[in-house]
Q: 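Take a look at this one; I'll ask things after.
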Amino acid sequence: MDMRQVDGLRAQLAEFVADVFASVPRRDQRAKGDCYLRGLMLDGRRKSIQPMAERLPDGNEQNLQQFVNQSTWDPVPVQRRIAERMVPLISPDAFAIDDVSFPKDGRMSVGVARQYCGALGKQANCQVAVSVHAVSDTASVPLQWRLFLPDEWDRDIQRRRATGVPEDAGHREKWRLALDTLDELAGWGLTPPVVVADAGYGQVHSFRAGLRDRGLDYITAIRGDTSAHPADAVPTTPERAGQMGAPRLPRYRDPARSMKDLVMAAGRSSLRRCTWRQSSRGAMTSRFIVMDVRPAGVAARTSAREQAGGRAAWDGTLPTETLLAEWPPHQPEPTDYWLTSLPADTTLRRLARLAKIRWRIEHDYRELKHGLGLDHFEGRSWTGWHHHATLVTAAHAFLTEQRLAPKADTPDSPSTRPSTPSRTC
């Protein structure tokens, strides 16, 4: 956006800032938030603090540095208010789990380590953050962020102190951070219609089990080499070896097979053609198969045994999940696989649409990163990173509101509710 366009939205932006930053106690801090959001939205190659301050008529680099990197305002209530505004507006079909990487030089930026960097497609020095997005085919918005701390950061007291990592923050696997985020959103009264995630999360049996334990439906990508038994497979109990032999555990007679093998055994005759949405390039159409399977492996067996009440009570049966696989025409084998808790009689169009809906957050990430400078932050601290991510989310939410419903009403927030003795501004 150029300066004329940004100035044309000043009144709407002021109302937005007054609402979502109502929890920020000081007026001058809210004014800096307004200024920072204008800097993020304004055209410019870099969206770090110095160049933004130079482009803005009221930009003050020192003030913005202090607001982002040193100020103690809490980003969580701001994130909550953004979510409260945006979820009703978007009417999401799903909450999408994702993670994003930020290449970094040096070793002193919070959470930085040599790890897989999706932005570069290889192992590199970077930060990684886990996010949850409300998503529909029309729009998406990040609802929460969790900065991933590699395990080396648990032991590096010097870097933790230098970057201000809280004492209670430590290494947690990305799938656990995703579940933590869903728990926090549930505490805000925001429950996903369905959770969608890529194979980095879907491959983890404990992640899918965690969603089931929370009563959440899901559709998650998996690899074709994931092992499973057919749905009609039945475990049997081998005879004990001799009179004194220990009782043997029930087990499936045939070894587990890969998802790819199960789908190819069903054959092309089992495929169904489906168009799941219209895009700018025309109808999105492919061929799919839906079938029940029993995911196998150590984690699946351990989970089933625990759910049954222990080794002695378990009859060896592995629970079923619904497999969706895509096998496009002219391809020699299936190309994509998903496991879902949704029943197999769910319409194929809905299954395919939900499985593919992550395209929307990839689209919006281009705006978050390249348009709004999500990955341009040059600070090193825990506080600064979380402030910057929250401010970028706010800018993205504001622009999304303008595109979808410039005059839409949103639920009351602390900035628009009458004051009461029990509430502080």
Q: Look up atom CG in Asp19 and atom CZ in Arg85, then write down how far apart they are to the nearest 0.5 Å.
A: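 The CZ atom of Arg85 is 4.5 Å from CG of Asp19, to the nearest 0.5 Å.
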
Q: Would one find more than 12 heavy atoms of other residues, nucleotides or ligands at under 6.0 Å from atom CZ of Arg277?
A: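 More than 12 heavy atoms, drawn from other residues, nucleotides or ligands, come within 6.0 Å of this atom.
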
Q: Does CZ in Arg294 sit with more than 12 non-hydrogen atoms of other residues, nucleotides or ligands closer than 6.0 Å?
A: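 Result for CZ/Arg294: enclosed.
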
Q: Who pairs with Gln29 by side-chain hydrogen bond (donor to acceptor under 3.5 Å, both in side chains), at least two apart in sequence or on another chain?
A: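 Result, side-chain hydrogen bond (donor to acceptor under 3.5 Å, both in side chains) vs Gln29: Ser71.
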
Q: Donor-acceptor pair, Lys369 side chain versus Asp375 backbone, under 3.5 Å?
A: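 Side chain of Lys369 to backbone of Asp375: no pair is present.
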
Q: Describe, in one word, how the ring planes of Phe288 and Trp276 are oriented to each other, choosing from parallel (under 30°), tilted (30 to 60°) and perpendicular (over 60°).
A: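 Ring orientation, 0 to 90° scale: perpendicular.
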
Q: Looking only at the side chains, is there a donor atom on one of Ser131 and Asp98 sitting less than 3.5 Å from an acceptor on the other?
A: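 No, no side-chain donor-acceptor contact under 3.5 Å.
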
Q: For atom CD of Gln123, decide whether the heavy atoms of other residues, nucleotides or ligands shown that lie under 6.0 angstrom number more than 12.
A: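 More than 12 within 6.0 Å, yes.
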
Q: Between Glu321 and Arg212, does at least one N-O distance fall below 4.0 Å, as a salt bridge requires?
A: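 Yes, this pair counts.
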
Q: Report the distance from atom CZ of Arg305 to atom CG of Leu318, rounding to the nearest 0.5 Å.
A: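 Interatomic distance, Arg305 CZ to Leu318 CG, rounded to 0.5 Å: 10.5 Å.
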
Q: Which of these passes side-chain contact (heavy atoms from CB on, under 4.5 Å) with Trp327: Thr335, Ile289, Val263?
A: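 Per the side-chain contact (heavy atoms from CB on, under 4.5 Å) rule, the option paired with Trp327 is Val263, out of Thr335, Ile289, Val263.
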
Q: Quick check, are the ring centers of His133 and Tyr365 under 6.0 angstrom apart?
A: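 Judged by ring-centre distance (under 6.0 Å), His133 and Tyr365 do meet the cut-off.
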
Q: State whether Trp153 and Arg159 meet the cation-pi test: NZ (Lys) or CZ (Arg) under 6.0 Å from the six-membered ring centroid, and within 45° of the perpendicular axis.
A: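 The answer is yes, since Arg159 meets both limits relative to Trp153.
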
Q: Give the intermediate values and the outcome of side chain to side chain contact (heavy atoms under 4.5 Å, CB included) for residues Lys356 and Glu326.
A: CA-CA 11 Å; Lys356 299 280 191 174; Glu326 181 181 3; 2.6 Å; yes

Q: Check whether more than 12 heavy atoms from other residues, nucleotides or ligands sit under 6.0 Å from atom NZ of Lys260, and answer yes or no.
A: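 Not more than 12 within 6.0 Å, no.
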
Q: Angle between ring planes, Phe67 versus His387, binned at 30° and 60°: parallel, tilted or perpendicular?
A: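 Judged by the thresholds at 30° and 60°, the geometry between Phe67 and His387 is parallel.
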
Q: Output the distance between atom CE (Met291) and atom CE (Met259), rounded to the nearest 0.5 Å.
A: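 Result: 9.0 Å between the selected atoms.
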
Q: Is it true that atom CG of Asp28 has more than 12 heavy atoms of other residues, nucleotides or ligands lying nearer than 6.0 Å?
A: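 Buried by this count: over 12 neighbours within 6.0 Å.
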
Q: Using 4.0 Å as the upper bound for N to carboxylate O, is an ion pair formed by Arg350 and Asp93?
A: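 No, no charged N to carboxylate O under 4.0 Å.
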
Q: For Trp382 and Trp385, indicate whether the former's side chain and the latter's backbone hold a donor-acceptor pair under 3.5 Å.
A: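 The answer is no, because no donor-acceptor pair under 3.5 Å joins these two groups.
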
Q: Using the rule given for side-chain hydrogen bond (donor to acceptor under 3.5 Å, both in side chains), can you reason through Thr393 versus Trp145, listing the C-alpha separation, both sets of side-chain angles and the distance that settles it, and then say yes or no?
A: CA-CA 10 Å; Thr393 300; Trp145 302 89; 2.8 Å; yes

Q: Applying salt bridge (Lys or Arg N to Asp or Glu O under 4.0 Å) to Asp180 and Arg176, what does each step give before you reach the verdict?
A: CA-CA 6 Å; Asp180 293 344; Arg176 292 188 191 275; over 6 Å; no

Q: Any sub-3.5 Å donor-acceptor pair from Ser341's side-chain atoms to Tyr218's backbone N or O?
A: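 Yes, Ser341 side chain to Tyr218 backbone: donor-acceptor pair under 3.5 Å.
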
